[in-house]
Amino acid sequence: MKIHLFNPENDLALASGLECFTPPKGAVAISHAGALLPMFWAEKDDQILSDIAPSPEMEQYIRRYRLQGTAVSHTEACASPSPWGWSLCSRRIFRKAGVDDGLLPDNDTLEKIRILSHRRSSIIINRGLGVSEHLIPVEASSPEEVREALARFSGKGVIKLPWSSSGRGVIRADQIADQRLDAYVGGMISRQGSVMVEPLLDRRRDFAALFHCANSTVSYRGLSLFATNHAGFYEGNIVLPQRELATELGIDISHIIKPLEQILSDLVGSTYEGWLGIDMMIHRDGNGRLQIAPCIELNLRMTMGVAAMLAAEKVFAVERVRPMLIKVSPEGVTLR
C-alpha cells in the first residue's frame, strides 16, 4: 500500500533547505486544489494524504474514470510514502501522518536529491550527450561571472534560479536594463548561492521525456507535451495516447533516449527511486534548421507530464474524447 502526497511546492522547499518550510500563499492554493490528483495513478488500496473534500468536478472524474485511492489525514506506519517530490519538508509531512521512519529517506539521501535537483545537473547531462559547449549552461556565483557567461552567449541569455517552479525565477537578460542587472542577479545569488545562465534559443516547442528509476536503473516511459495560449502562457498538459503524442511532436528523439537512460542511471540511480522528467526544446539554429535541445533541466520528481501520461491510461480506457488538457490551478483539477 502506498500513501501519495501532492506537494507541488517541493522545488521551493528544496531551495529553502528547511524542514519547517512555509510555502507562499499561491503555492498553498495549488497544493490544496490538487490534493486528490494522485487518484489518477493510485491503485485500489492506496491512500492519498489529504483532508480536502473532493470538488464536484473531482467527484465526477472519480466516477467516470473509476479512479482509486482513499483520502486520509493519518496512515498506518507500514504505508510506503510516494510524494510528488522529496525534501526535508515532505519527509516531515509523512512523519506527522504516521509513516514509519524506516520507510523514509535519511538526511544524506535527501541532501543528495537536493543537490541533483539543482539546475547544474543539466551541465552534466548535456556534456554526457555530447552537446556543443556553446549551447551548455554556465553556473555563475557573482554578477561578474553572469556577465562573462552572457558574453559567451553574445549577450543573449536566460538567467535562472537553481531551484524554482512554474517558470518563476527565470529572466531574460535582454529584458533587464544593464544598470539594474547586477543588482537583480545579486539578489538571486544571495538567495540560492548561484544562478544558471543559458543561451537564448529560437524556441519552437517545449516538451519533456519521462523516465522512471527503480533498482538503480532509469528507464524511458514516454513523452509529455503541453499547450500554451497565444501569449505563450501554460494552459495544461496534453492528454493523449503516447503514439499520438509522438505524432503531434513531429520530431524523432529515439537517438537520445538510450544515452539518456545510461547517463541518468549513473547520475541518480544510486540515490533516487521514482518518476523524473527531462525538459527539452525544439529550436531553430542559425541556419534555420530545427534542432533538439536535449536537456533544459532535470525534474527529479513527479511532473504534470507524468500525471498526463498516467491520466491518459485511465481516460482512454473509458472514452475517446479529444483534445484534452489536464491542469491544476487554484480552482482545482481540470480535465477537458
Side-chain angles (χ1 to χ4, degrees), residues 1-24 27-28 30-32 34-53 68-118 121 162-165 192-193 211-219 264-277 298-303 306-307 310 328:
M1 178 182 69
K2 288 183 179 180
I3 179 163
H4 302 271
L5 171 67
F6 180 62
N7 58 318
E9 73 283 359
N10 196 66
D11 289 343
L12 302 178
L14 289 172
S16 77
L18 300 174
E19 184 174 44
C20 297
F21 165 71
T22 303
V28 172
I30 295 288
S31 180
H32 285 177
L36 298 180
L37 179 67
M39 283 188 169
F40 278 98
W41 55 89
E43 297 183 0
K44 181 180 177 182
D45 295 326
D46 286 357
Q47 299 174 336
I48 291 87
L49 191 53
S50 171
D51 55 7
I52 307 295
Q68 301 180 119
T70 303
V72 298
S73 57
H74 197 273
T75 187
E76 303 169 23
C78 62
S80 177
S82 181
W84 187 264
W86 276 116
S87 61
L88 290 170
C89 184
S90 56
R91 183 181 66 180
R92 174 175 171 267
I93 293 170
F94 280 123
R95 274 179 176 160
K96 288 180 66 177
V99 175
D100 188 273
D101 251 12
L103 297 171
L104 297 169
D106 59 23
N107 288 347
D108 183 56
T109 299
L110 289 175
E111 181 57 19
K112 287 178 180 177
I113 289 173
R114 181 175 183 271
I115 291 169
L116 288 167
S117 298
H118 190 293
S121 287
W163 298 277
S164 62
S165 63
Q192 295 194 13
F211 299 83
H212 191 269
C213 184
N215 301 317
S216 301
T217 301
V218 173
S219 303
L264 292 170
S265 295
D266 293 342
L267 183 63
V268 309
S270 63
T271 300
Y272 178 77
E273 288 210 354
W275 291 100
L276 59 147
L298 163 68
N299 291 306
L300 199 59
R301 53 170 170 77
M302 186 73 170
T303 70
V306 176
L310 299 179
V328 181

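A quick note: this is a predicted structure, and the numbers were derived from the prediction, not measured.
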Checklist entry - Run the side chain to side chain contact (heavy atoms under 4.5 Å, CB included) check on T22 and V28 step by step: do they pass? => result CA-CA 9 Å; T22 303; V28 172; over 6 Å; no
Checklist entry - S121 side chain to L116 main-chain N or O, any donor-acceptor pair under 3.5 Å? => result yes
Item to check | Nearest non-hydrogen partners of C20 and R92, listed with the distance | outcome: SG-NE, 3.5 Å
Next on the checklist: Test of understanding: with salt bridge (Lys or Arg N to Asp or Glu O under 4.0 Å), list the residues that count as partners of D51, not counting sequence neighbours.
Outcome noted: none
Item to check | L267/V218 under side chain to side chain contact (heavy atoms under 4.5 Å, CB included): CA gap, chis, key distance, verdict | outcome: CA-CA 10 Å; L267 183 63; V218 173; over 6 Å; no
Item to check | Spacing of I93 atom CD1 and K96 atom NZ [to the nearest 0.5 Å] | outcome: 8.0 Å
Checklist entry - Do L310 and W275 come close enough that some side-chain heavy atom pair is under 4.5 Å? => result yes
Checklist entry - Within the distance-only criterion (no hydrogens, no angle test), does the side chain of R91 pair as donor or acceptor with the backbone N or O of P105 below 3.5 angstrom? => result yes
Checklist entry - Side chains of N7 and R301: do they bring a donor and an acceptor to under 3.5 Å? => result no
Item to check | Heavy-atom pair with the smallest gap, counting every atom of S87 and N10 | outcome: OG-OD1, 2.7 Å
Checklist entry - Quick one: CG on D46 to CD1 on I3, what's the gap to the nearest 0.5 Å? => result 9.5 Å
Checklist entry - Are any non-hydrogen side-chain atoms of I52 and L36 less than 4.5 angstrom apart? => result no
Checklist outcome for this item: Looking only at heavy atoms, the pair that brings L276 and G274 closest together is CD2-O, 3.6 Å
Checklist entry - How long is the span from the CH2 atom in W41 to the NE2 atom in H4, to the nearest 0.5 Å? => result 8.0 Å
Checklist entry - What residues form a side-chain contact (heavy atoms from CB on, under 4.5 Å) with E273, not counting sequence neighbours? => result N215
Next on the checklist: Show me the pairs that pass ring-ring contact (aromatic ring centres under 6.0 Å, His included) and involve residues 93-118, at least two apart or across chains.
Outcome noted: W86-F94, H118-W163
Item to check | Closest contact, heavy atoms only, A71 versus S50 | outcome: CB-O, 3.9 Å
Checklist entry - Nearest 0.5 Å, what's the OG-CD distance between S82 and Q47? => result 12.5 Å
Checklist outcome for this item: On a heavy-atom basis, the closest approach of G69 and M39 is O-CE, 3.3 Å
Checklist entry - Hey, does the side chain of T75 reach the backbone of G98 with a donor-acceptor pair shorter than 3.5 angstrom? => result no
Item to check | Minimum heavy-atom distance between P23 and A27, given as atom pair plus value | outcome: CB-CB, 4.1 Å
Next on the checklist: Rounded to the nearest 0.5 Å, what separates atom CD in E111 from atom OG1 in T271?
Outcome noted: 11.0 Å
Checklist entry - Can L104 and V99 be said to form a side chain to side chain contact (heavy atoms under 4.5 Å, CB included), step by step? => result CA-CA 8 Å; L104 297 169; V99 175; 4.0 Å; yes
Next on the checklist: With side chain to side chain contact (heavy atoms under 4.5 Å, CB included) as the test, pick out the partner of W84 among L37, V306, L5.
Outcome noted: L37
Checklist entry - Roughly how far, to the nearest 0.5 Å, is OG of S219 from NE2 of H212? => result 9.0 Å
